[in-house]
Novice: 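Quick one: the structure is below, questions incoming.
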Amino acid sequence: MPITGIYGPEDFDQPAHGHSPVPARGRANPAGRAGALPMPSLEWTPEVERSTAHLYERVKNVISPLEWPLMAPTIKAINELKKTRGAVILAHNYQTPEIFHCVADIRGDSLQLAIEASKVKSDIIVQCGVHFMAETSKILNPHKTVLIPDSRAGCSLASSITGADVRLLRERFPGVPVVAYVNTSADVKAEVDICCTSSNAVQVVESLNAPTVIFLPDQYLAKYVATQTDVKIIAWKGACEVHERFTGDELRAYREADPTVQIIAHPECPPDVLAEADFTGSTAHMINWVRNKHPKRVVMITECSMADNVQAELPDVEMVRPCNLCPHMKRITLPKILDSLVLLREEVTVDPLIAERARRSVERMINLKN
Ligand code: SF4
């Protein structure tokens, strides 16, 4: 059914909203600075070539032999430092192939990373993704050190809403439960009833057994969820700056150029885009769809590094790659991951009182899954 209404900061009589597109900088861990390790050698040598050859096998379809000598010494250094530090690297599906396939220990979408973060044994987590993902790991691991290689890695969805906005929505719609997409700050997670990801959004909305649910902050995911359930949805005016750039015309042009091509899209895209797609699903669902269907040619309507990562795994599937990059995800690079491990920076912190309330919303989602 159509969504019941879409709200934004301008719909409330309140002081300046004060959203920042970029989260506050993290900080170098003072203890870590004291414990900084020497920077390893980053020379391309026969030994580096030999010891990283198995990793190059994983990415040779998407990284050229000319590029590899520039990356391999840093990859080797990161993998050695991970052991020295006892650290684990979590990488989102939108990370570039050299990170995703060559240094990450745990890979996945937001839901998979949140679940795995809750089970991590290592004392140090390096989050290769954006800031709200690192915050989620910290919320679930309050006694561990969570590092993000560049704390300026924000998200247009996370910066579209604050905890104060959620409180105003609750005043406007008393008694209506609130679901927050995980692409939100800890401050927002602390104010809501439960979190969701694009993998489980419909399941989470229906789990509340309520006739109406406030679903925030992604208006397009809210519209998609509304097409899949009888629950009435009240939405927020947030959008992903990467997925809202796709258009239905663009998808029709792909299909006109090749009527046999398969088109799969992420539900953060606008409705006219989803109407043209053969399949709609989260990043994890899109990857599984390609693995299972094994189409000859596929267009992945999402952040473009994911197509590179799937291409590395499935070289015989031809990927058509409309290249919409997420500028925030691309702030995470191999040299910054290395710096993170050498200097133990930038540490992500969450106020313990906010973290405790936010943890309830995230764990309620994880427990639903299990
Ligand atoms: S791709 Fe969109 S939702 Fe994901 S981090 Fe970037 S801006 Fe946020």
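Just so it is clear, the structure is predicted and the values come from calculations on it, not from any experiment. Ligands are counted one by one from 1 in listed order, and the atoms in each one are counted from 1 as well.
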Novice: Describe, in one word, how the ring planes of F173 and Y7 are oriented to each other, choosing from parallel (under 30°), tilted (30 to 60°) and perpendicular (over 60°).
Specialist: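 Because their plane-to-plane angle is over 60°, the rings of F173 and Y7 count as perpendicular.
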Novice: If the cut-off is 4.0 Å to any non-hydrogen atom of S156, which atoms of ligand 1 fall inside it?
Specialist: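 Per the distance check, 7 (S).
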Novice: If you measure from CZ on R359 to CD1 on I139, what distance do you get to the nearest 0.5 Å?
Specialist: 8.0 Å
Novice: Side chains of T247 and D249: any donor to acceptor distance under 3.5 Å?
Specialist: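 There is no such pair (donor and acceptor under 3.5 Å, judged by atom type) between the side chains of D249 and T247.
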Novice: Please report which non-hydrogen protein atom sits nearest to atom 6 (Fe) of ligand 1, along with the residue it belongs to and the distance in Å to one decimal place.
Specialist: C326 SG, 2.4 Å
Novice: Using a cut-off of 6.0 Å, state whether more than 12 heavy atoms not belonging to E47 lie near its atom CD.
Specialist: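 More than 12 heavy atoms, drawn from other residues, nucleotides or ligands, come within 6.0 Å of this atom.
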Novice: Does any N, O or S atom in C155 come within less than 2.8 Å of atom 6 (Fe) of ligand 1?
Specialist: no
Novice: Hey, is atom 2 (Fe) of ligand 1 within less than 2.8 Å of some N/O/S atom on C240?
Specialist: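 So C240 counts as coordinating atom 2 (Fe) of ligand 1, yes.
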Novice: Once you round to the nearest 0.5 Å, how far does CZ of R345 lie from NZ of K336?
Specialist: 9.5 Å
Novice: With distance as the sole criterion, is a donor-acceptor pair present between the side chains of T96 and D308 under 3.5 Å?
Specialist: no
Novice: For ligand 1, which atoms have a heavy atom of N183 less than 4.0 angstrom away?
Specialist: 3 (S)
Novice: Can a non-hydrogen atom of E268 be found less than 4.0 Å from any atom of ligand 1?
Specialist: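 Heavy atoms of E268 do come under 4.0 Å of ligand 1.
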Novice: Looking only at protein heavy atoms, which one is nearest to atom 4 (Fe) of ligand 1, and how far off is it?
Specialist: Y94 CE1, 4.0 Å
